[in-house]
Amino acid sequence: LATTTELLQGTLDLLILKAISLRPEHGYGILLRIQQVSRDTLQIQQGSLYPALYRLEHQGFIASEWGESENKRKAKFYRLTAAGRRRLQDETAYWKRLTAAIGLVLAAAPEDV
Amino acid sequence: MTALARLKSLVHALFHQRRLEQEMEQEWRTHLDARVDALVASGLSRAEAQQRARIEFGDPLRWKEQGREARGLRWLYDLRADARHAVRQMRRTPGFTVVVVTTLALGIGANTALFTVVNAVVIKPLAAPDAHRLVRSVTVNNGVALPISSAATLKVWLDHRSTFEDVSAHRFDSVNLTGDRDPELIPVARVSEPFFRLFRAPVIMGRTFTAEEDRPNGPPVAVLSHGLWMRRFGGTPSAVGRTLSLGSIPHVIVGVIGSDFDSEQFEPRPEVWVPLQADPERVDGASIYQVTARLRPGVTHAAADAQLRVALDATAPVTTPADRRSAWTARPLHDAMVGRMQSSFNLLFGAVALLLLIACANVASLLLVRADVRRREMAIRAAIGAGRGRIVRQTLVENLLLSLAGGLVGLIVGPLAIRTLLRLYPGTNPFIIGGTGPAIPRIGEGGAAVALDWHVLGFALLLSMATGLLCGLIPAWHVSRADVSATLQHTNVPASGTRRATGRSVLVMSEIALAVLLVVAAGLLIRTSLAMRSIDPGFDRENVLTMRMAVTGTRFETRDGISELARNGIAQVQTIPGVLRASTTCCMPLETVWQLPFVIASRAGEGVTRRGGMSFHGFGGWTFVSPGYFEVFRVPMLRGRDFSEHDDARAPGVAIINEAMARVYWPAGDPLDDRLIIGRGMRPAYEQDPVRQIVGIVGNVRDTGLTQNARPAMYVPMAQVPDAVTAPNVKLLPLVWITRTAVAPYAVSEQMSKALESASGGLPVGRVRAMRDVVSESTARARFDTSLMALFGGCALVLAAVGVYGLLAYWVQQRSREIAIRLALGAEAASIARMVVWQGIRLAMVGVALGVLGAFGTTRLVASFLFGVGPRDPIVFGAIPLLMAVVSLMAVWMPARRATKVDPLDALKCE
């Protein structure tokens, strides 16, 4: 299975931004959502999520506040800031262009090369 | 936006570090708990689930590290680790730490101490609002700028309405405050009407003077200071409208000024303000006013100055000779007040900068030793992956910590020391007209205004950091260049490579050279001080008591009145046991001395200078005295006779001149056969002065300053001075009583005050001073400069000695193996000691030679501070190198002895 799928540099940031773009989420929730949406294709070493979260927060793309999780635990919820929302749009557009380009390259027939 | 967010997050991280760490852990705990729950739900046992969750999470330490880095905090943690390491190092080698911190404390403390003074005097803005638009009239005479002006100058300023919004004149005075309580002599300011408006004085009660009240012969009115209002009237509003007896004249109180009014600017702080009521047409040509003006908006200092110069030159005929010989300028008030401190501060700052450099060299050299000792440690760090930058940074952090510690000690000790020194410093002498003299402006009473503030703290902090970097760069650079493998392979390399040894030698040598430079300058000043102490002022300063008595507004303002007062007072004082002789005078030597033109009667028509309506042969000091004056001061009567009681108004006019005057103006002929016409043209009042027969010649007195050569001087009997001259004179300067005692002078002060009070019908005396103290106060500034320079010089010597000692002690330690082998092979201890001593002396000699050369080239910079000694004084230039050599020898001695005590077995076993 794809547990060993390496994440491209910077992809984790994009995934996190996307994961919390719908509603604020805590760390574990973010992980679950990424796995769920990617149908378990993308596995992230769980702890490595946090440095990425702190970096994004430090850069001002996300903000956090303490709240209560579904099962009554004290948890820190992350949400997008305005800057984060812009970032998500830029990154998404870039990612789509990149994958489209890669797709074109891979789909090329021998005579096209 | 994101940059701001980043900064905010960083600041947050800095200040809430602990909380952030806790939150991080809390967050992860929640995460793990949630994961465990999920795993348990999927069928694992709790123990299994916990283990699995932890594995999935990964190493928390790693995430923590990355998390800190993500927040931009890595450097902070590193810094903290470095600091912790540095503190450990400092504690492990307390001796080293103490030496370094003390050295730096000396350097930084001296600089900070001086800075506190400069801060109070120069940097702190004047308290007056918009002070940058205030200018003061300054008279430059023989290169000396005094912030005083004559009435003629005041008139010119007053005519420049387009340049100045307001022009005010004021002068200080002492007046007797009498009334229902004991009379006291209080400081008073006589000010013109615009004064309060110009300085924006806060009037808390009543009003200030009107222009009408400021006219000559205007009504006696007074404005109280807050202090006197509280003291005499208990702060009651009804004080306004009541009267205050000043100099026996009832003055109507019209207002009260707030306590926050600008004390630093007006020393001594006046207790009462009275109208100046100056009459420009009638006042003496002497420069007695402080003239201040407020520039109109848009007028620059330079423009105002240029206009005034032109105007003053154009009016030259009406100005007095005293003005003609000089230049006037309009200086910004701040400059006019503190400008004369400039040269002292330059000298002292030069000295402390040198001292700091010496301290830096010393510390750098010590740090190099330590860098050598710790080469292995650093090499190991480098071997296990510490980058060069990291090692350099760690070294710098250590040095910064050391210098901050030094700075802190310096910040505490330095300003304390300078305050102690300033406490002994004389305050402003109100009887030196123009407020010149030795006083340091703006330092407050006993240096009270010299205090720590943010400027000083900032200065100390910056200086400490700069010093830490400066001292630390060379060692840090050396450390970073350590050859790892070589260091680790050879466990006991004769550690310092020649290059490093040379580096240290150069440091110590420059240290010695700088110390020589500084000590030579200090030596020259000390020689100056000694020369000043041995100056014969022309009078005997021992066992003379002086006091002042204001007679303004009394019946003693006339010739006959004051003579009678003098006669009675002298008679009463002379009955006091322990008093040998008493007398009076208008002016005390070393304080204010008048200068008047004179004509020599025998050649009245020839060789006279004509200027501004005057014709004269020359100008000379002019002092009126009572009989006994020369006896009290023990001024030798060289020829002729002293004044006696018979030289009064009915007798023919007489005068006594000094030797200098006799020599200059009677190269041929006998002054005792000649007569003097004094003061004609200066003021109408002098027309009534009799033509005076010269009856005596006395020795020269240095009355204008100990370091000033005696100028021609004339003395006249008080009983022969016209009323119109006496009155303004005693208005400007209270009468001086002088007494020669057989006992300690202050022992008779109580009885003398009482006797004079009774002789004068109740007038108080003030400013009681032994003449010895008057003389010593007159040289206070020079002594201040000298004692600081001597202090700095002493510190420099000690530091240089420590530097030499440290270098040689280390040299011996490094060479103990070599020495041991030599000893084992039969070398004599004495020859080993000689080797070490030679090593040190060679170094010292080069340093001293460089220092002497440097001093030879630069001591002319201090020439203006010297008296009785040349800037290349052979004694100083001979003695200081010798002193330095002796100090170096002492510093070398201990290591040399230690070298002879090296035990060959121990030293070789160390391998």
Side-chain angles (χ1 to χ4, degrees), chain A residues 3 7 10 12-13 16-17 24-36 40 42-88 90-91, chain B residues 1-17 19-42 49-77:
Chain A
T3 46
L7 280 176
L12 182 55
D13 288 4
I16 292 172
L17 292 176
E25 194 58 87
H26 53 77
Y28 186 59
I30 295 172
L31 269 181
L32 285 184
R33 185 163 308 162
I34 292 175
Q35 282 176 11
Q36 198 183 355
D40 283 344
L42 297 172
Q43 292 250 339
I44 301 163
Q45 190 168 22
Q46 299 189 5
S48 72
L49 176 72
Y50 289 96
L53 280 173
Y54 300 150
R55 188 167 49 247
L56 287 170
E57 192 179 15
H58 181 63
Q59 290 166 342
F61 296 129
I62 62 178
S64 67
E65 88 200 310
W66 286 95
E68 206 166 66
S69 71
E70 314 77 66
N71 33 21
K72 305 290 173 216
R73 284 204 177 85
K74 200 176 163 223
K76 204 175 190 182
F77 284 81
Y78 293 87
R79 62 176 171 78
L80 274 189
T81 62
R85 206 162 289 284
R86 273 198 304 279
R87 174 81 174 186
L88 176 59
D90 292 350
E91 289 286 307
Chain B
M1 156 73 197
T2 52
L4 188 70
R6 237 175 262 203
L7 187 70
K8 254 167 42 191
S9 129
L10 185 66
V11 170
H12 181 75
L14 271 176
F15 288 101
H16 306 281
Q17 218 177 44
R19 216 183 70 207
L20 276 178
E21 296 269 314
Q22 279 166 2
E23 282 188 6
M24 217 149 54
E25 275 160 28
Q26 164 81 47
E27 192 178 9
W28 298 352
R29 226 171 10 250
T30 310
H31 179 114
L32 285 173
D33 288 349
R35 183 67 191 150
V36 168
D37 285 356
L39 289 170
V40 168
S42 74
Q50 271 168 354
Q51 199 187 1
R52 175 83 175 275
R54 266 202 297 276
I55 290 168
E56 282 177 358
F57 193 81
D59 178 9
L61 280 179
R62 187 173 151 211
W63 307 137
K64 220 176 230 183
E65 190 74 12
Q66 286 184 8
R68 287 171 189 154
E69 210 163 333
R71 285 202 171 97
L73 280 185
R74 167 99 186 257
W75 61 273
L76 186 72
Y77 285 86

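Numbered from 1 within each chain, the chains take letters A, B, ... in sequence-line order. A quick note: this is a predicted structure, and the numbers were derived from the prediction, not measured.
Looking at Asp37(B), the atoms closer than 4.5 Å to chain A (heavy atoms on both sides) all sit in the side chain, from C-beta outward. Residue Leu56(A) does not touch chain B at all, counting heavy-atom pairs closer than 4.5 Å.
Residues Gln26(B) and Arg29(B) are in side-chain contact: their nearest non-hydrogen atoms beyond the backbone lie under 4.5 Å apart. Contact annotation: the side chain of Trp63(B) never approaches that of Met24(B) to less than 4.5 Å [non-hydrogen atoms, C-beta and beyond].
Note on ring orientation: taking the six-membered ring where Trp is involved, the planes of His31(B) and Tyr28(A) are perpendicular (angle over 60°, cut-offs 30° and 60°). The aromatic rings of Tyr54(A) and Tyr50(A) sit tilted relative to each other, their planes meeting at an angle between 30° and 60°.
Counting heavy-atom pairs under 4.5 Å between each of Gly47(A), Ala52(A), Ala82(A), Ala63(A) and chain B puts Gly47(A) at the top.
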